[in-house]
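Structure first, then comments.
It should be emphasised that the depicted structure is a prediction, and the values quoted were computed from it without experimental measurement. Each chain gets a letter, A, B and so on, in the order its sequence line appears, and its residues count up from 1.
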2 protein chains.
Amino acid sequence: MSGAHSSVRKVDASRADCQAITEILDRVGDKWTVMVVRALEQRPLRYNEIQRVVDGISQRMLTLTLKGLERDGLVSRTMYPTIPPRVDYELTELGNRLMVPLQSLYDWAVKHRPAMLAARKRFAEKERLAGAQQKRFATAK
Amino acid sequence: MSGAHSSVRKVDASRADCQAITEILDRVGDKWTVMVVRALEQRPLRYNEIQRVVDGISQRMLTLTLKGLERDGLVSRTMYPTIPPRVDYELTELGNRLMVPLQSLYDWAVKHRPAMLAARKRFAEKERLAGAQQKRFATAK
DNA sequence: CTGAATCCACCAAGATACTG
DNA sequence: CAGTATCTTGGTGGATTCAG
């Protein structure tokens, strides 16, 4: 923070925003993290419970995802050395607070998904027409 | 699920949330989309201007990212058939509204990044100790 | 039950060169 | 200036097997 110069700060913040958002997106933007986090939203779960809830996730990916979440302090891991062994995973407070921006994304998704789908349909149509045009010139090869 | 409607709806919503969030994360969660969107936040930009602002993006990736954004109606493309050619890219209103949840993510990132980094450091330390333990048994390769 | 380890397939993304 | 085309590669994730 080099000063309170509003116009300058706006530009700087824009760059910093990129960094920060990209960083968070890298953490939660993979295939399974969000689904696992949401699975744990309601209550702590055991390893196999998560696998059942998430549905489709492999053991490998579940283990990797959980380890990543634990690593970043979003999920806590509690091991009970019983037989058979039992491990509980639970959202930390940090993990719980992540739900807020995630909810914000969800709201956006619900609200604007129809518009996005419509746009995609329009785009596909335009592309189809353009493709037909192209074909008349792509004679050789 | 025999209880009140509220609890049932909560579970159902949880699944739907996953879908929606994952879907949006798939759109904006790639390497460049967010950076391009934020580059366009302030004002429309030309192709080369974006490439300069984003810094590090290749022509190929810029083209692909822009096409994806245009496809989903988040960015509009305006071509001026002058010489040399000129193409402006501009956030649509849909694209602009995406800034809201992105800002929410940014806020979370700024607020909780220190905690995440601290957690990661602690985790690395614990892992290092565990790794030392392991080594004593990993005699034969 | 809760993982770790290995192998493999696929795709996003980078580098480079070319085009209108 | 604004892309497209082709090749290559590194990482993500799936399937399977082994272990405590």
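When the side chains of ILVMFWY residues are joined at heavy-atom separations under 4.5 Å, either directly or via intervening members, Tyr106(B) and Leu117(B) end up in two distinct hydrophobic clusters.
The cationic group of Arg71(B) does not satisfy the cation-pi geometry with Phe123(A), failing either the under 6.0 Å distance to the six-membered ring centre or the 45° limit from the ring axis.
Phosphate proximity of dT2(C) to Arg60(A): absent, as no side-chain N or O sits under 4.0 Å from OP1 or OP2. The phosphate of dG3(C) has OP1 or OP2 within less than 4.0 Å of a side-chain N or O from Tyr89(A). Distances shorter than 4.0 Å separate some side-chain N or O of Arg46(B) from OP1 or OP2 on dA2(D). The phosphate of dA4(C) has OP1 or OP2 within less than 4.0 Å of a side-chain N or O from Lys67(A).
Remark: the Tyr89(B) side chain and the Thr78(B) side chain contain no N/O donor-acceptor pair separated by less than 3.5 Å.
As rounded to whole Å, 11 Å separates atom C1' of dG14(C) from atom CD1 of Ile57(B). Note: CG (Asn48(A)) to P (dT2(C)) measures 4 Å, nearest angstrom. The CG atom of Leu62(B) sits 11 Å away from the P atom of dG14(C) (whole-angstrom rounding). Taking atom CE of Met79(B) as the reference point, atom P of dG20(C) lies 14 Å away to the nearest angstrom. For Tyr80(B) and dA2(D), the OH to P distance is 12 Å, given to the nearest whole Å. Rounded to an integer number of Å, the gap from CG of Leu66(A) to P of dC1(C) is 16 Å. Between the CE atom of Met35(B) and the C1' atom of dA12(C) there is a distance of 17 Å, given to the nearest Å. Separating the CE atom of Met61(A) from the P atom of dC7(C) is a distance of 16 Å, rounded to the nearest angstrom.
Nearest-nucleotide assignment on DNA chain D puts the 5′-proximal partner with Asp30(A), out of Gln59(A) and Asp30(A).
Taking the side chain of Trp32(B) as heavy atoms from C-beta on, and the options dG14(C), dG14(D), dA2(D), the nearest nucleotide is dG14(C). Nearest to the side-chain atoms of Pro85(B) among the listed nucleotides dG20(D), dA2(D), dG14(C) stands dA2(D). Here the side chain of Arg86(B) is nearest to one of dA2(D), dA13(C), dT2(C), namely dA2(D). Considering only the side chain of Pro84(A), dC1(C) comes nearest among dT4(D), dG13(D), dC1(C).
Applying the salt bridge (charged side-chain N to carboxylate O under 4.0 Å, His left out) test to residues at least two apart or on different chains, the pairs with a partner in residues 91-108 of chain B are Glu93(B)-Arg97(B).
Contacts of Gln59(A) classified as side-chain hydrogen bond (donor to acceptor under 3.5 Å, both in side chains), with partners at least two apart in sequence or in another chain: none.
Looking at heavy-atom distances under 4.0 Å, Thr63(A) makes contact with sugar-phosphate atoms alone, never a base.
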